[in-house]
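Source: prediction; values computed, not measured. When a residue number appears, it is its place in the shown sequence, counting from 1.
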Amino acid sequence: MLRLLMVSMVFLCAPPAMAQEYPSRPVTVVVPYPISGPADIRGASRMTKTYKLMAANAPPAISDTLSRIVQQAIRYESKYPVQLERQPGGATTRGAQHVARAAADGHTLLLASNATMVLAPHYAPGVGYDPLRDFELVAPLVDMPFVLMISTGLPLQTLERLMSYIKVRPGEINYGSSGDGSTGHLAGELLRRAAGLDMVHVSYNGGLAALNGLATGQTSLMFAALPLALPYLNNEHLRALAVTSSQRAELLPDLPTLTESGIAGVEVAAWYGVFAPNGVSSNVIRWLSDRIGESVNEAATRSHLLALGLEPLRSPLSHFATRIYEESERWGPLLKAVRIPARNAS
């Protein structure tokens with residue numbers, strides 16, 4: 001009787017989702033980024049000699065790497081296929097709109113970064129979704145610091161010299177980024193305000209195009225994502241001065257942080273995570289979170305991500321959700337202050 005009672009209690013306490021198998025059909029992971037590949041400032045195929053050399057050394061697209069990890073993590077314990085569906089456009093907001101309107105059953109997921117969930121809603125009015133209202137966090141994936149890089153055309157070796165150089169040339173120095181409202185743009189604005197600089201922002205069509213602009217002297221500095229910066233640290237046209245993380249990057253132990261270099265308040269990092277439409281059951285979220293988290297932090301995968309300049313995350317969902325909220329509260333006013341008038345997500 002005791003054994004029978006214990007078995008009965010197991011079934012009574014089993015989560016409701018256990019009554020229906022998940023996944024019960026193919027899962028789609030929406031990737032709101034274009035297929036990786038070089039593009040110049042106009043997004044055309046014309047490339048300078050310098051750009052061709054840089055493109056040949058370009059690292060794999062972060063969205064490609066992470067989406068395949070997520071795909072394999074879910075597929076490993078599912079009898080149904082997991083599809084990667086690219087939906088670029090609107091600076092990643094079109095894909096987010098699609099997932100926000102999808103059925104809340106866990107079969108449509110979104111690979112998203114802080115650009116989609118924090119920056120775009122404040123910088124681009126009318127994105128068509130509310131990150132806090134329309135999405136459930138499924139799994140944090142990776143953190144990604146940025147590197148302050150300058151053109152070697154500037155005869156400068158330290159951040160202190162760079163600040164002095166810019167201050168005596170108000171309005172003459174351009175800084176590039178991968179796009180309006182990007183993390184690199186945000187970091188540049190934070191530096192400009194923290195150091196009292198008068199610089200002009202130049203928006204490019206992607207990080208590689210922005211690096212090309214820096215290498216060819218169109219701009220004087222930029223904040224490049226660490227995975228993008230790594231292949232070009234020894235490039236004759238580029239020089240790294242500092243990292244935006246709170247601690248020195250493991251791959252660049254000799255490169256100081258901005259805080260160490262005397263500039264406080266510019267600690268920024270991009271991140272990636274997986275999201276589902278609001279309303280997905282907690283049991284489905286737990287199933288996905290466990291499998292994706294285990295896959296990202298598996299030893300071989302972790303080593304691969306670290307080598308690319310990505311820091312795998314182990315944060316509990318509640319902690320990471322709090323981080324997203326706090327970043328939104330922190331960066332929202334600044335993003336609204338610097339956004340281009342009448343800009344929209346379309």
Side-chain angles (χ1 to χ4, degrees), residues 33 36-39 47 50-69 113-115 141-154 156-159 162 175-179 182-188 191 204-216 219-258 260-261 266-272 296-297 299-313:
Y33 305 91
S36 60
M47 294 187 289
T50 300
Y51 193 35
K52 286 181 179 179
L53 291 173
M54 295 181 68
N57 295 314
I62 297 167
S63 61
D64 293 350
T65 299
L66 296 178
S67 60
R68 290 193 181 102
I69 291 174
S113 69
N114 62 314
L141 295 175
V142 295
D143 248 336
M144 182 175 68
F146 279 64
V147 180
L148 174 58
M149 303 189 74
I150 66 170
S151 167
T152 52
L154 300 181
L156 310 168
Q157 300 291 333
T158 66
L159 182 62
L162 175 65
Y175 76 93
S177 81
S178 61
S182 64
T183 306
H185 180 194
L186 172 64
L191 176 65
Y204 287 83
N205 183 22
L208 188 60
L211 267 183
N212 180 58
L214 184 62
T216 55
T219 58
S220 297
L221 66 147
M222 72 171 286
F223 285 91
L226 179 55
L228 177 64
L230 283 174
Y232 307 108
L233 293 179
N234 296 318
N235 186 290
E236 62 179 314
H237 303 293
L238 306 169
R239 179 180 297 123
L241 292 185
V243 292
T244 64
S245 47
S246 58
Q247 297 179 336
R248 295 194 180 197
E250 184 176 333
L251 294 176
L252 304 173
D254 296 329
L255 200 62
T257 66
L258 283 167
E260 286 180 292
S261 302
V266 194
E267 292 183 3
V268 295
W271 51 257
Y272 285 82
V296 169
N297 285 286
T301 302
R302 185 176 181 83
S303 296
H304 176 62
L305 292 172
L306 287 171
L308 293 176
L310 301 168
E311 175 68 38
L313 289 166

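Note that CE of Met222 and CZ of Phe146 are 8.0 Å apart. Values are rounded to the nearest 0.5 Å. Between atom CG of residue Leu241 and atom CG of residue Leu255 there is a gap of 7.5 Å, rounded to the nearest 0.5 Å. Note: Leu148 CG to Thr257 OG1 = 12.0 Å, rounded to the nearest 0.5 Å. Taken from CE in Met144 to CG in Leu66, the straight-line distance is 9.0 Å, to the nearest 0.5 Å. To the nearest 0.5 Å, atoms CG (Leu238) and OG1 (Thr152) are separated by 6.5 Å. Leu313 CG to Asn297 CG: the interatomic distance, rounded to the nearest 0.5 Å, is 8.0 Å.
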* Worked check of side-chain contact (heavy atoms from CB on, under 4.5 Å) between Val142 and Trp271 -> CA-CA 6 Å; Val142 295; Trp271 51 257; over 6 Å; no

* To do: Under the side-chain contact (heavy atoms from CB on, under 4.5 Å) rule, what do Tyr204 and Leu214 come out as? Steps first, then yes or no, please.
  => CA-CA 11 Å; Tyr204 287 83; Leu214 184 62; over 6 Å; no

* Asked: Run the side-chain contact (heavy atoms from CB on, under 4.5 Å) check on Phe223 and Leu191 step by step: do they pass?
  -> CA-CA 10 Å; Phe223 285 91; Leu191 176 65; 3.8 Å; yes

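Partners of Ser178 by side chain to side chain contact (heavy atoms under 4.5 Å, CB included), not counting sequence neighbours, listed by chain and number: Ser182. In this view, Ser67 satisfies the side chain to side chain donor-acceptor pair (under 3.5 Å) rule with no residue, not counting sequence neighbours. Partners of Tyr175 under the ring pair (Phe, Tyr, Trp, His ring centres under 6.0 Å) rule, at least two apart in sequence or in another chain, are His201. With sequence neighbours excluded, no residue forms a side chain to side chain donor-acceptor pair (under 3.5 Å) with Arg68. Under the rule for a side chain to side chain contact (heavy atoms under 4.5 Å, CB included), the partners of Thr65 that lie at least two apart in sequence or sit in another chain are Pro60, Ile69, His304, Leu305, Leu308. With sequence neighbours left out, Ser113 forms a side chain to side chain donor-acceptor pair (under 3.5 Å) with Tyr33. Listed by chain and residue number, Leu230 satisfy the side chain to side chain contact (heavy atoms under 4.5 Å, CB included) test with Leu251 (two or more places apart in sequence, or in another chain). With sequence neighbours left out, Ser303 forms a side chain to side chain contact (heavy atoms under 4.5 Å, CB included) with no residue at all. In this view, Glu311 and Arg302 satisfy the salt bridge (charged side-chain N to carboxylate O under 4.0 Å, His left out) rule, not counting sequence neighbours. Under the side chain to side chain donor-acceptor pair (under 3.5 Å) criterion, Ser261 pairs with no residue, sequence neighbours left out.
Crowding of Glu260 atom CD: a count of heavy atoms from other residues, nucleotides or ligands under 6.0 Å exceeding 12.
The shortest non-hydrogen separation linking Glu267 to Ser246 is OE1-CB, 3.7 Å.
The side-chain contact (heavy atoms from CB on, under 4.5 Å) test with Tyr272 is passed by exactly one of Asn114, Asp143, Ile62: Ile62. When each of Leu233, Leu228, Thr219 is checked for a side-chain contact (heavy atoms from CB on, under 4.5 Å) with Met149, only Leu233 meets the rule.
Formation of a donor-acceptor pair under 3.5 Å by the Ser177 side chain with backbone atoms of Gly184 is not found in this model. Formation of a donor-acceptor pair under 3.5 Å by the Arg239 side chain with backbone atoms of Leu156 is found in this model.
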